[in-house]
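Shown next, in structure tokens, is the structure this report addresses.
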Amino acid sequence: MPALVLIGAQWGDEGKGKATDQLGGLVDYVVKFNGGNNAGHTVVVGDETYALHLLPSGILSPGCIPVIGNGVVIDLAVLFQEIDGLEARGVDTSRLVVSADAHVIPSYNRVLDRVTERFLGSRKIGTTGRGIGPTYADKMNRVGIRVQDLFDEKILRQKVEGALTLKNHVLVKVYNRKAVTADSVVEELLGYVERLQPMVRDTGLLLSTALHEGRTVLLEGGQATLLDVDHGTYPFVTSSSATSGGACTGSGIPPNRIDKVIAVVKAYTTRVGEGPFPTELTGDGQDGVDGERLRTVGHEFGTTTGRPRRCGWYDAVIARYAARVNGVTDFVLTKLDVLTGWDTIPVCVAYEVDGKRFDEMPMTQTDFHHATPVYEYFAGWTEDISQARTFEDLPENAQRYIRALEQMSGAPFSSVGVGPDREQTLALRDLLR
Ligand code: GDP
Ligand code: IMO
Ligand code: MG
């Protein structure tokens, strides 16, 4: 079982952290391949709750080597804060490996992220304000700063000065902000070198050697399918490749080494930030009440920014789309327990756009914006399911709900989450078979 990919099927926060943590004990490497500290993964282990942003969730598994791959953008201050926070709680982070090719988030990109959003006004994306978009833009624009650049002061200075030539014009003339000096940026980045250097490796080579030796590698995606810059609800997306294809480019592992693609999908849907969301529950009526109940019961508040997450029913069109775009071999269904207590649970099986039915994602953004859900209704259950450990422990209606979702979603369900703790999971099939 050489390489597995684990990604989010919806708009993020599906519970990827918990799923990765559970697999972490069974694999040799966990690689974060995209995104940065825009991600927020909550992992609950007994009485301890960990909020991870930049570090791969595998950091909590003692036998596993966590890797920050080349596709990640790194805020170095956050990296060391997160390491120090975990070390203070007794977690050993000494195995962490960082790619020499990963890009760093310079301070000016955090500023630009925030001022750009303000400038966009009602057209804003609702970013996390962590400098993610501007840093990926720099990468594509070939003016980014890579981890390896920090080890050659002359090169670093040249690159920072090059990037600032344009950035300072934008900061000063467009956004009316102060210019940033190359010296201050270089000085800040050089301050991290001593701690960073021992962690840095050619991670593509490291992982390819590991696979060659029969080790198991888990590639952990941040964000999710509909936030992917190519396959998501553009422009309301993040700026990286969060789908399974990104696992290859973001790690240096070729597609023919990937055996399994595991998609984490919530038993309902949430979204943070702006953008279309067909099954969203809002307003003063029953929809608003249901949306608020999902948010409260599911604790749907961002791990990174604390923003309330927008909530809605399960959308099987999205699940099928995720199955297709990622080549999903297994779904991990999460947060089924949150649905306990509803009389009936609607599931979106298709969309209607201007009187026309769509069983697949509409081709255009305009149609997706206008899509209204076609619902099928399932009988709910009232029993507490948080202690269930096998499929048979679940009430019949919960079993029916799972089977119905599985049938509509385009790939088999391998496990079901009934609570945040590692133990609160029902295995339906062996994920590492
Ligand atoms: P990620 O970004 O995909 O890793 O997900 P987040 O950590 O941002 O959000 C998922 C939240 O749901 C976290 O607080 C998890 O502890 C929690 N969680 C994960 N699985 C379950 C589950 O099956 N039931 C419940 N009630 N909570 C879960
Ligand atoms: P995890 O890994 C949910 C959203 C932001 C915004 C858009 C762009 O925890 O699932 P960015 O700062 O990336 O440029 O913001 O993407 N977003 C997420 N939403 N979960 C995440 O990560 C997210 N990472 C980014 O809210 O709408
Ligand atoms: Mg999250």
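Numbering of ligands and ligand atoms starts at 1, following listing order. Note: hydrogens, waters and symmetry copies are ignored here, and every other heavy atom, side chains too, is used.
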Answer yes or no: is there a donor N or O on one side and an acceptor on the other, between the side chain of Y375 and the main chain of A350, under 3.5 Å?
-> no
Can you list the atoms of ligand 2 that are under 4.0 Å from a heavy atom of K16?
-> 1 (P), 2 (O), 10 (O)
Could you establish whether K335 and ligand 1 come within less than 4.0 Å of each other, counting only heavy atoms on the residue side?
-> yes
If you compare D13, T127, N34 by their heavy atoms, the one closest to atom 15 (O) of ligand 2 turns out to be T127
Of the protein's non-hydrogen atoms, which lies at the shortest distance from atom 6 (C) of ligand 2, and what is that distance?
-> G126 O, 3.1 Å
What about R307: any of its N or O atoms under 3.5 Å from an N or O on ligand 2?
-> yes
Between atom CH2 of W313 and atom OG1 of T279, what is the distance when rounded to the nearest 0.5 Å?
-> 9.5 Å
Compute the minimum heavy-atom distance from A39 to ligand 1 and say whether it is under 4.0 Å.
-> no
Tell me: protein heavy atom nearest atom 8 (O) of ligand 1, and distance?
-> G40 O, 2.7 Å
Close approach, G419 and ligand 1, non-hydrogen under 4.0 angstrom | yes
Do S239 and ligand 2 have an N or O pair less than 3.5 Å apart?
-> no
Atom indices of ligand 2, in the order listed, that fall short of 4.0 Å to a heavy atom of W11 = 3 (C), 19 (N)
Mark the output for R309 as yes if a heavy-atom distance to ligand 1 is under 4.0 Å, and as no if none is.
-> yes
Heavy atom of the protein closest to atom 19 (C) of ligand 1 (residue, atom name, distance) | K18 CD, 3.9 Å
Looking at G12, which atoms of ligand 2 are within less than 4.0 Å of one of its heavy atoms?
-> 10 (O), 20 (N)
Atom indices of ligand 2 within 4.0 angstrom of A39 heavy atoms, with elements = 1 (P), 2 (O), 9 (O), 22 (O)
